[in-house]
Amino acid sequence: GAASSTELVTNGDFEAGSSSGWTVTTSRVSPTRVNWVINDGTVNPLYGPHGPSGPISGAYDALSLGNGGGWERLSQSVTLPSDIVSATISWNDIIRSATAFEENPPGRVQEFRVVLRDGAGALIAEVWSTEPGDPPVQLGPNARSFDITALAQTLEGQPVSLSIEQSQCCWHFNTNVDDVSFLVDTVSTKADILAGSGVPGKGLEKAPGLQKEFNSKSKAADNAGKK
């Protein structure tokens with residue numbers, strides 16, 4: 001059967017001109033030092049050598065304000081559908097760290113990462129992160145894309161949080177992020193088609209023959225429920 005594509009992220013390009021759809025959390029109550037903000041090209045990070053930078057694309061992107069110790073997260077909760085045949089997380093970024101990347105928790109972590117978390121905030125998986133030895137300045141813009149189909153299939157029907165995160169221990173750290181996408185392809189089963197056509201029956205989701213992939217060339221959807 002033909003697969004249908006669904007974009008799970010809302011306002012992934014930030015063209016709403018706000019953080020609508022996203023949740024910002026930080027370790028410190030300091031909106032100018034540790035925060036994610038919407039950037040229109042005029043936002044000055046204030047601390048360090050990095051001045052204003054234009055959005056990666058369109059009129060807006062998201063910009064991290066990292067200075068000194070702390071972390072900031074830009075996250076969005078999505079629910080994964082059933083019958084996933086493909087799942088891809090992608091985004092564009094510009095990374096500007098004033099010092100080398102480190103991963104020596106708890107005190108010395110200088111890192112940008114994209115992860116999946118569960119409803120309680122526990123880590124499910126890391127999609128990508130900077131690593132010690134990577135260039136601290138990566139102006140790109142850097143297009144990153146990752147196939148997470150196998151993982152997504154284990155999470156079908158569950159709410160997960162797509163979290164864009166930055167930790168800084170040492171000096172200034174600013175990252176632009178844009179065009180965030182969590183794209184899934186799904187296929188319909190025969191049971192899905194019958195239920196969507198109004199055919200009643202508690203056994204639709206249990207009958208083995210109805211759990212098979214639906215043939216998109218079939219006329220069954222047109223004839224469902226008819227005698």
Side-chain angles (χ1 to χ4, degrees), residues 1-23 55-62 74-93 113-119 122-128 141-164 177-227:
S4 59
S5 297
T6 302
E7 175 57 68
L8 300 182
V9 172
T10 299
N11 192 29
D13 57 7
F14 305 101
E15 291 306 299
S18 71
S19 58
S20 174
W22 296 91
T23 298
I56 294 175
S57 66
Y60 303 95
D61 64 9
L74 180 69
S75 61
Q76 186 166 149
S77 180
V78 301
T79 299
L80 297 183
S82 300
D83 305 313
I84 293 173
V85 294
S86 176
T88 303
I89 292 176
S90 61
W91 69 91
N92 296 321
D93 62 48
R113 59 188 171 269
V114 175
V115 304
L116 290 177
R117 296 185 179 275
D118 65 17
L123 180 67
I124 297 174
E126 182 178 86
V127 179
W128 182 84
N142 310 291
R144 310 193 196 270
S145 181
F146 302 91
D147 183 340
I148 63 156
T149 302
L151 174 61
Q153 289 170 334
T154 70
L155 300 170
E156 290 182 357
Q158 300 182 38
V160 300
S161 177
L162 175 60
S163 187
I164 302 169
V177 174
D178 209 349
D179 305 313
V180 183
S181 172
F182 194 161
L183 188 66
V184 296
D185 289 348
T186 59
V187 294
S188 297
T189 64
K190 295 177 181 179
D192 295 331
I193 296 297
L194 290 172
S197 299
V199 176
K202 296 181 179 179
L204 289 180
E205 298 303 325
K206 297 181 179 180
L210 296 181
Q211 309 317 310
K212 296 179 180 179
E213 183 179 330
F214 176 69
N215 181 354
S216 60
K217 296 181 180 179
S218 170
K219 298 296 183 181
D222 298 330
N223 296 325
K226 297 180 182 179
K227 294 183 179 179

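Computed over heavy atoms, backbone and side chain alike; hydrogens, waters and symmetry mates excluded. Along the sequence shown, residues carry numbers from 1. Predicted model, so just to flag it, every value in this text is computed and none were measured.
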Inter-residue atom distance [X].[atom1] - [Y].[atom2], 0.5 Å rounding:
X    : Y    : atom1 : atom2 : value
I56  : D93  : CD1   : CG    : 6.5 Å
S20  : Q76  : OG    : CD    : 8.5 Å
W22  : S163 : CH2   : OG    : 9.0 Å
S90  : D147 : OG    : CG    : 11.5 Å
S82  : Q153 : OG    : CD    : 11.5 Å
I124 : I148 : CD1   : CD1   : 9.5 Å

Test your reading of the model: is there a side-chain donor-acceptor pair from [X] to the backbone of [Y], 3.5 Å cut-off?
X    : Y    : value
N11  : G21  : no
E15  : Y60  : yes
E7   : S181 : no
T149 : A87  : yes

Original post:
Within a strict 4.5 Å, meaning less than it, do heavy atoms of the P81 and V184 side chains meet?
Top reply: yes
Original post:
Are side-chain heavy atoms of V85 and T186 found at a separation under 4.5 Å?
Top reply: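 Sidechains of T186 and V85: no contact.
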**OP:** Before giving the answer on ring-ring contact (aromatic ring centres under 6.0 Å, His included), spell out for F182 and W91 the whole-Å C-alpha distance, their side-chain angles and the decisive distance to 0.1 Å.
**Re:** CA-CA 9 Å; F182 194 161; W91 69 91; over 10 Å; no
Subject >> Donor-acceptor pair between S5 and D185 side chains, under 3.5 angstrom >> reply: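 S5 vs D185: donor-acceptor pair found between side chains.
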Original post:
Closest approach of P55 and A59, non-hydrogen atoms and distance?
Top reply: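 Closest approach of P55 to A59: CG-O, 3.3 Å.
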**OP:** Might you point out which heavy atoms bring Q158 and T154 nearest each other, and give the distance in Å?
**Re:**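 Nearest pair, atom of Q158 first, then T154: NE2-O, 3.5 Å.
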Subject >> Sole candidate of N92, D178, D13 that passes side-chain hydrogen bond (donor to acceptor under 3.5 Å, both in side chains) when paired with S57 >> reply: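 Answer to the side-chain hydrogen bond (donor to acceptor under 3.5 Å, both in side chains) test with S57 among N92, D178, D13: D178.
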**OP:** Check step by step if side-chain contact (heavy atoms from CB on, under 4.5 Å) holds for L74 and V177.
**Re:** CA-CA 10 Å; L74 180 69; V177 174; 5.6 Å; no
